[in-house]
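None of these values were measured; they are calculated from a predicted model. We count residues from 1, following the sequence as given.
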Amino acid sequence: MSSEKEILMVQKATVYDLMRILEQNPGKTYTVEELRQLIDAYIQGMEQ
C-alpha cells in the first residue's frame, strides 16, 4: 500500500500535468463540462 507521502506526490504530479495541458492554450476559456471531459480523458489515459 502507498504511503501518505507517495499519495501526495502522485496528487501533485497529476495537478502539474493538468496545469501543463491547460497552459497549452492560454487564451481558451473552459466550461465546467470541458474541464470534466479533460480530467476524465487524463484519468483514462493514466489507467492504460
field: Heavy atoms from other residues, nucleotides or ligands near CD of Glu33 exceed 12 (cutoff 6.0 Å)
entry: yes
task: Output all residues satisfying side chain to side chain contact (heavy atoms under 4.5 Å, CB included) with Gln24, sequence neighbours left out; order by chain, then residue number.
output: none
- prompt: Do Val10 and Leu8 belong to the same hydrophobic cluster, where Ile, Leu, Val, Met, Phe, Trp and Tyr are linked whenever their side-chain heavy atoms lie under 4.5 Å apart, directly or via other members?
  reply: no
message: Running the 4.5 Å side-chain criterion over Ile, Leu, Val, Met, Phe, Trp and Tyr, what cluster does Met9 land in, apart from itself?
response: none
message: With clusters defined by side-chain heavy atoms of hydrophobic residues (ILVMFWY) lying less than 4.5 Å apart, directly or transitively, does Val32 cluster with Ile21?
response: no
message: List the residues meeting side chain to side chain contact (heavy atoms under 4.5 Å, CB included) with Glu47, not counting sequence neighbours, and say none if there are none.
response: Ile43
- prompt: What pairs of residues pass the salt bridge (Lys or Arg N to Asp or Glu O under 4.0 Å) test when at least one of them lies in residues 14-31, not counting sequence neighbours?
  reply: Lys28-Glu34
- prompt: What residues form a side chain to side chain contact (heavy atoms under 4.5 Å, CB included) with Ile7, not counting sequence neighbours?
  reply: Ser2, Gln11
message: As an exercise, state the distance from CD of Gln37 to CD1 of Ile39, rounded to the nearest 0.5 Å.
response: 11.0 Å
query: Who passes side chain to side chain contact (heavy atoms under 4.5 Å, CB included) against Met19, sequence neighbours left out?
result: Val15, Tyr16
